[in-house]
Amino acid sequence: MWMRLLLAVPLLFMPNMLHLSVDTGIPGLNLANIIFIVVLGALLMGGRRYQPLDPRGYLTPALLLLFAALTIAFLIAQATMPRNFMEDFTYLKNLIFYPLLYFVYRRCGQDAKGTRQLIIFVMIVAAVAGVEAIREGLDYGFGNYNESRRASGPFGTDYSTANRAGVFYAMFLPMFIAMALFFRKQKFWRMAAIAGCAIMVVAIMATYSRQSYLIALVAFALLLVRRNVVLAVAISLLMVPAIGFLPESVTQRVAETEQQDSVGEEQLDVSTASRFEIWGGATQMWTEHPVGVGLNRFKQHIGTYVPRYAGYDAHSIYFLMLAECGPLGLFALLFLLARVLWMGVRFTRSVPASDAEGKALSLGFILLAVCTALGNVYGSPFFEGAVMANFWALCGLMEHYFALKRRAPATGSVASAGPAPADEPAPAMRGIGDRFPLAARMAPRRYGRRDD
């Protein structure tokens, strides 16, 4: 129990790190790093009890390739445009740090019940973060849209981080939708999932993040089609007139994507158009620097290609990786996202159709991967710890959970998964030994555990 509570601490802290920030006084070391070290140390001291069920993680090769690409880009930056070495090294450390949560949580050592509780806790933390955004939205009021009155939840102190908040809520929304659709016989959890869906949807509206609106609709549509095509068509038809019931500020925000110029012609708004200009500059940057300009050097170079946006972020993780890390970095990122998606597909294929819980979690995870990829097309929160830390932790927890399921009895129950304690005979041995003691002693490999 104490280890489960300790594992819950990073899950609570990471999305709320801005609220709980503490200056450690040590360069390059923050409170998140310290919490991580404490949890990792506790797992290592636990010995074999906290070894991962599978010797090699499914995401390990892709993560190692990404770490290598980032390190190479760091060295390129030091060779071509040296600046503050400690600042650059801390930047590299932060990019690598949060994905390490995957390795920690896949070796959490919890049984099925404990792993399930940690997965639920991840979703509770996401819902609480959504409630904070809703509260901000209510404080601002859902009147006419105002750029400076966008909710950012625990991810920032002003509207500048609203898009990141929207991506976070859109990422975790599919997990709630999947449980609401597939938990047909578990009424309590189904109602809790529906409440979570409502919180996430309203939180997304409060951020006024147009990409998050689109991501949420894509996730909802895909899960509805997977659940029931007729239901998907019916709900889609009902959603069209329901748009009129949305707050005026939300529809106003969507309408701003296209505006009319002085002669009445349609054109993209400034926010959308600026991204295409920056992406064009990023592409030109890569053509002149085929191996990349180096880690954390995009803002210093973009002004050369698009002077009006000097010092700006790439507003897309894909163009950022291409410009700073070259084709290797972009390939490593796409390979990692593909592995996450395929891991979810493997989860779905490994559970029987009668396992509603496994089916809901696996399908929700697949859409979580899709939403994560889409959330980085129009922005670059992929390496933001507050947004992505619990994503990596959830990847590890899901891998551990479905590893338990694979080792479970044919009944599909995972409550008793895992080997029997070393000081107890296996259940089959006990039953045969009670009735036929001699047979149990003469044939231990047939009736007992494999390691007897």
Query raised in the report: Would you say the side-chain atoms of E399 pair up with the backbone N or O of R106, donor to acceptor, closer than 3.5 Å?
Result: no

Query raised in the report: Does a side-chain heavy-atom distance below 4.5 Å link N94 with F383?
Result: no

Requested in this report: Taking the side chain as every heavy atom from C-beta outward, state whether L18 and P154 have any pair of such atoms under 4.5 Å apart.
Outcome: no

Query raised in the report: Under 3.5 Å, side chain of S212 to main-chain N/O of G166, donor-acceptor pair present?
Result: yes

Report task. With the side chain counted from C-beta on, respond yes when Y213 and Y208 share a heavy-atom pair under 4.5 Å apart, and no when they do not. Result -> yes

Report summary line: Tightest non-hydrogen contact, residues P10 and V39, listed as CG-CG2, 3.8 Å

Query raised in the report: Which residues satisfy the ring-ring contact (aromatic ring centres under 6.0 Å, His included) test with F36, sequence neighbours excluded?
Result: F97

Requested in this report: To the nearest 0.5 angstrom, please state how far the CD1 atom of I366 sits from the CH2 atom of W342.
Outcome: 9.0 Å

Report summary line: Value for CZ (R164) from OH (Y169), rounded to nearest 0.5 Å, stands at 14.0 Å

Query - Enclosure of W279 CH2 (heavy-atom neighbours >12, cutoff 6.0 Å) - result: yes

Query raised in the report: In Å and rounded to the nearest 0.5 Å, what is the CG to CG distance from L66 to L59?
Result: 11.5 Å

Query raised in the report: Taking atom CG of L363 and atom CG of L368, what is their separation to the nearest 0.5 Å?
Result: 12.5 Å

Query raised in the report: Between CD of Q211 and CG of L214, what distance do you get to the nearest 0.5 Å?
Result: 8.5 Å

**Report entry** Non-neighbouring partners of L118 that pass side-chain contact (heavy atoms from CB on, under 4.5 Å), sequence neighbours left out
**Finding:** R4, L7, A8, L11, Q110, L397

Report task. Could you pull out the closest heavy-atom pair between F365 and G344, with the gap in Å? Result -> CD2-CA, 3.7 Å

Query raised in the report: Which heavy atom in R297 sits nearest to a heavy atom in R83, and how many Å separate them?
Result: NH1-NH1, 3.4 Å

Query raised in the report: Should the pair F331 and F335 be assigned to parallel (<30°), tilted (30 to 60°) or perpendicular (>60°) ring geometry?
Result: parallel

Report task. Just do the side-chain contact (heavy atoms from CB on, under 4.5 Å) check on L361 and M175 with the steps written out, would you? Result -> CA-CA 7 Å; L361 290 177; M175 297 291 290; 4.0 Å; yes

Query raised in the report: Under a 4.5 Å cut-off applied to non-hydrogen side-chain atoms, are K405 and S350 in contact?
Result: no

**Report entry** Minimum-distance pair of heavy atoms, taken over all atoms of L70 and C325
**Finding:** CD2-SG, 4.1 Å

Query raised in the report: Just wondering, do M388 and T372 contact through their side chains at under 4.5 Å, heavy atoms?
Result: yes

Report task. Fit a plane to each ring of H289 and H301, take the angle between them on a 0 to 90° scale, and name the class: parallel (under 30°), tilted (30 to 60°) or perpendicular (over 60°). Result -> perpendicular

Requested in this report: For Y98, enumerate each residue passing the ring-ring contact (aromatic ring centres under 6.0 Å, His included) test, keeping only those at least two apart in sequence or located in another chain.
Outcome: none

Report summary line: L374 meets the side-chain contact (heavy atoms from CB on, under 4.5 Å) criterion, sequence neighbours left out, with I215, V218, V370

Requested in this report: Would you verify whether the NZ or CZ of R116 falls within 45 degrees of the ring axis of Y401 while also being under 6.0 Å from that six-membered ring's centre?
Outcome: no

Report task. Would you confirm whether S316, through its side chain, and G379, through its main-chain N or O, come within 3.5 Å as a donor-acceptor pair? Result -> no

Query raised in the report: Angle class for the Y312/Y309 ring planes (parallel below 30°, perpendicular above 60°, tilted otherwise)?
Result: perpendicular

Query raised in the report: Is the closest side-chain heavy-atom distance between S362 and R349 below 4.5 Å?
Result: no

Report task. Sequence neighbours left out, what passes salt bridge (Lys or Arg N to Asp or Glu O under 4.0 Å) with D158? Give chain and number order. Result -> none

Report task. Determine whether E136 and S152 make a side-chain contact, defined as any pair of heavy atoms from C-beta on separated by less than 4.5 Å. Result -> yes

Report summary line: Between L367 and A219 the two heavy atoms that sit nearest each other are CD1-CA, 3.7 Å

**Report entry** M81 CE: over 12 foreign heavy atoms closer than 6.0 Å
**Finding:** yes

Query - Pairwise distance CG(N390) to CE(M123) - rounded to 0.5 angstrom - result: 12.0 Å

**Report entry** Heavy-atom donor-acceptor pair, E324 side chain to L295 backbone, under 3.5 Å
**Finding:** no

**Report entry** N33 side chain vs N30 backbone, donor-acceptor pair below 3.5 Å
**Finding:** yes

**Report entry** Worked verdict on T283 versus Y305 for side-chain contact (heavy atoms from CB on, under 4.5 Å)
**Finding:** CA-CA 10 Å; T283 304; Y305 306 96; over 6 Å; no

Report task. Only counting residues at least two apart or in another chain, list the ones meeting salt bridge (Lys or Arg N to Asp or Glu O under 4.0 Å) with R346. Result -> none

Report summary line: Here the pair of heavy atoms bringing C371 nearest to A170 is SG-O, 3.7 Å

Requested in this report: Output yes when a side-chain donor or acceptor of R339 lies under 3.5 Å from a complementary backbone atom of Y58, and no otherwise.
Outcome: yes

Requested in this report: Check the pair Y91, F74 against side-chain contact (heavy atoms from CB on, under 4.5 Å), reporting the backbone distance first and the verdict last.
Outcome: CA-CA 9 Å; Y91 183 80; F74 168 78; over 6 Å; no

Requested in this report: Could you give me the CA-CA distance, side-chain angles and deciding distance for L320 and F382, then say whether side-chain contact (heavy atoms from CB on, under 4.5 Å) is met?
Outcome: CA-CA 11 Å; L320 180 64; F382 189 79; over 6 Å; no

Query raised in the report: Quick one: does Y378's side chain get under 4.5 Å of N163's, heavy atoms only?
Result: no

